[in-house]
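One structure is given here, and the rest of the page talks about it.
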2 protein chains.
Amino acid sequence: MARSMHVRRPATLASLAAELGVSRTTVSNAYNRPDQLSPELRRRVLETARRLGYPGPDPVARSLRTRKAGAVGLLLTENLSYAFRDPAAIGFLEGLALACEDAGQGLLLVPASPEREDVAAVHRAGVDGFVVYSVPDDDPHLAAVLERPVPTVVCDQPDLDNVDRVGIDDQAAMHAMAQHLISLGHRRIGVVCMRLNRDRNDGFVTPDRQRSAHFHVQRARLAGLAQAFGTVDVEWTDVPVVERFDHTIASGASAAAQLLDRDPQITALVCTSDILALGAMTEAERRGLRVPQDLSITGFDGIREAEQAGLTTVRQPVLEKGRAAGKLLLDSAERSRPRAVTLSTELVAGSTAAAPRGTAEERWFGP
Amino acid sequence: MARSMHVRRPATLASLAAELGVSRTTVSNAYNRPDQLSPELRRRVLETARRLGYPGPDPVARSLRTRKAGAVGLLLTENLSYAFRDPAAIGFLEGLALACEDAGQGLLLVPASPEREDVAAVHRAGVDGFVVYSVPDDDPHLAAVLERPVPTVVCDQPDLDNVDRVGIDDQAAMHAMAQHLISLGHRRIGVVCMRLNRDRNDGFVTPDRQRSAHFHVQRARLAGLAQAFGTVDVEWTDVPVVERFDHTIASGASAAAQLLDRDPQITALVCTSDILALGAMTEAERRGLRVPQDLSITGFDGIREAEQAGLTTVRQPVLEKGRAAGKLLLDSAERSRPRAVTLSTELVAGSTAAAPRGTAEERWFGP
DNA sequence: TTGAAAGCGCTAACAG
DNA sequence: CTGTTAGCGCTTTCAA
């Protein structure tokens, strides 16, 4: 099964037609419309093509002519290495890839690192539409995508008028988690959240930064917390929130440390992702704090690793998000006005959240 | 940040030039060669473009003209869902994506399910080259790729003359694992391997099927085993080998069950992947067999889950494979003759392989 | 069934 | 610094 390397395009549809003494149309038909051709002629065309080393119609030229690239672009402004290390992102990717595969469409990963402002890659992408996964609303790559005259659907964030979107109700989901903790008796909590803006800010978050966060999802989750705890007279400005730029276990651990250092009285650590929560768990263990007896910890996403760890978390259908995004983009029908798909989430009461020590109940009845 | 949906391409470079009363070259230069233009004129061009809703040069037309798509195609003939569930495949993907990102190239996932013989997707892919990941040598998609006049590099399998390849020495790696088991005293083993051919064959494998396997990597690993055990007079035809089409934990478990049912005297289960080995572990546990006291189990790949389980396995640099494949493809230099990159592997002596009960040593000195 | 004509939208010499 | 001239390789009416 040998073949020569780096073959120079040897023949074109035109040269093949010339060789055969037929028109270009006929050759084109041999490939694209077999029924428009006598089987005998078609056989001759294909055979001559093989002999001349004609590799079939050039896909790019065809795309130019038909105005169809046969591919969907995926924009995720995140170092690819993080994306492929984040189970939630992988689940999304899987769902999207599935939808594309079903439709016979390719999936183009657009190279867009957050550092490099290489918007050119977006312009260069030969695709029939874009899926944008979880980017800040001021992302230049996103802006470039929106300028392209192709349909776009955003997953998770940002939430834009006039752009299709699939996501969940982040605020409600986090509100439910907060209610859970509140009902357990927690009033003194610390929060670990993901990147709120494009700039790196590893540390405590000011209320102002929370409000102005360009990562809409994080903003919504914090808002859900604030709202719920507000109902039990917990002043949100008193609740310490720590942000981490990198989304890793190590980040979760160091963030937890930072919170516990500032206020050892904290009874629960609310994390806006399972990865961060898993990191918080390791920090708790390192400190000899038992979870949930000494400290409750909650996550968000419902990844498999979290389930194995028994994490109390919010499960969201990541694969379905990807599939829905793909379907939405590929469904040419009813592309009249912007559509929104909001998938449902589920509070998973694991074994990492319980009533804090010294609740009223414990004081009355003993631990 | 509103925008209308499904915009019809409103303007072209030509119409923009006409509107401005300049040549097409000038407009083109405004986008591609800012230095060939007075800043003032460029500003005017860009502004008029915005006013007319011209989204910039069409990427497909540009690709046709420049003969560069700015993307590499990835062919993995495997249901995408499996690929995204296999940590080794994800690691490869990450490495490849990294290499592409470094080069500013897109990565196109070509939709090619093993079921559907949709070779058309390969023809439709607008890419400057292909990376083929671990497919059987008789895969029709592979054949279609090789017909395209673009460079190609294969990762793992198959091993083709005249095609760049990156992989490991599978036979040697498995040979080393076999030596390890042999030195521990194992002579009666069972083998669990992955798909050997495109057809589904969940069960025992005949020697003939082993020899004629189209999945080169599996064939090489089995050969490594056969060779090593041959040196200690274990007749390879007596060694039961069970094949599984699906690469899942469940497959590993059922395969292990099948082997142990046939021969309960087996002292070691050699699996050609960690996933399968992890499955075998669950089956051992289900049967109340202690690992490694009652049964040794080995894997292959060195995925994180295996490490956590303390699996005795062969670690291979999956991410590096992806990165190397990308680099090889993107390095235009020295594309004269086929190149081969063979990465090194490492035997990881975990806690799942030990001397079998009733070895000579134990008989002499007691367990 | 087949062919002729007309671009799809753009870039790249080369000349001015 | 700007314009002219030629295509890149293909599909697709419309006629024959």
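Numbers restart at 1 for each chain; the letters A, B, ... are given by sequence-line order, proteins then strands. Just so it is clear, the model here is predicted, and its values are computed rather than measured. What's counted below: heavy atoms across the whole structure, side chains too, no hydrogens, waters or symmetry copies.
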In whole Å, what is the span from the CD atom of A/Gln36 to the P atom of C/dG3? 13 Å
B/His123 NE2 to D/dC10 P, straight-line distance once rounded to whole Å: 13 Å
I need the CG-P distance between A/Leu64 and D/dG7, as an integer number of Å. 17 Å
Any side-chain N or O of A/Thr26 less than 4.0 Å from the OP1 or OP2 oxygen of C/dG3? yes
Nucleotide by nucleotide, 5' to 3', does protein get under 4.0 Å of the base (B), only the sugar-phosphate (S), or neither (-) in nucleotides 11-16 of chain C, counting heavy atoms? BBB---
Phosphate OP1/OP2 of D/dG9 contacted by A/Thr12 side-chain N/O (<4.0 Å): no
With heavy atoms under 4.0 Å as the rule, sort B/Val60 into base, sugar-phosphate or nothing. nothing
With a 4.5 Å heavy-atom cut-off, do B/His216 and B/Leu160 have their side chains touching? no
What is the minimum heavy-atom distance between B/Leu37 and B/Arg42, and which atoms define it? CD2-CB, 3.4 Å
Given A/Thr77 and A/Leu142, is the side chain to side chain contact (heavy atoms under 4.5 Å, CB included) satisfied, shown in steps? CA-CA 9 Å; A/Thr77 312; A/Leu142 170 64; over 6 Å; no
When the distance from CZ of A/Arg124 to C1' of C/dC10 is rounded to whole Å, what number comes out? 14 Å
Quickly work out the B/Arg67 CZ to D/dC10 C1' distance and round it to whole Å. 10 Å
Just how far, in rounded Å, is C1' of D/dG9 from CG of A/Leu16? 13 Å
Euclidean distance, atom CG of residue B/Asp35 to atom C1' of D/dT2 [Å, nearest integer]: 14 Å
Mind checking what makes side-chain hydrogen bond (donor to acceptor under 3.5 Å, both in side chains) contact with B/Arg65, not counting sequence neighbours? none
Taking only side-chain nitrogens and oxygens of A/Tyr54, does any of them come within less than 4.0 Å of OP1 or OP2 of D/dC10? yes
Which nucleotide, C/dG9, C/dT2, D/dC1, lies nearest any side-chain atom of B/Ser38? D/dC1
Provide the full list of ring pair (Phe, Tyr, Trp, His ring centres under 6.0 Å) pairs with a residue in residues 89-139 of chain B, sequence neighbours left out, each pair given once. B/Phe92-B/Tyr133
Check whether any side-chain heavy atom of A/Leu146 lies under 4.5 Å from a side-chain heavy atom of A/Val132, and answer yes or no. no
Pairwise side-chain contact, A/Phe84 with B/Leu98, heavy-atom cut-off 4.5 Å (strictly under): no
Rounded to whole Å, please give me the gap between NZ in A/Lys68 and P in C/dG9. 13 Å
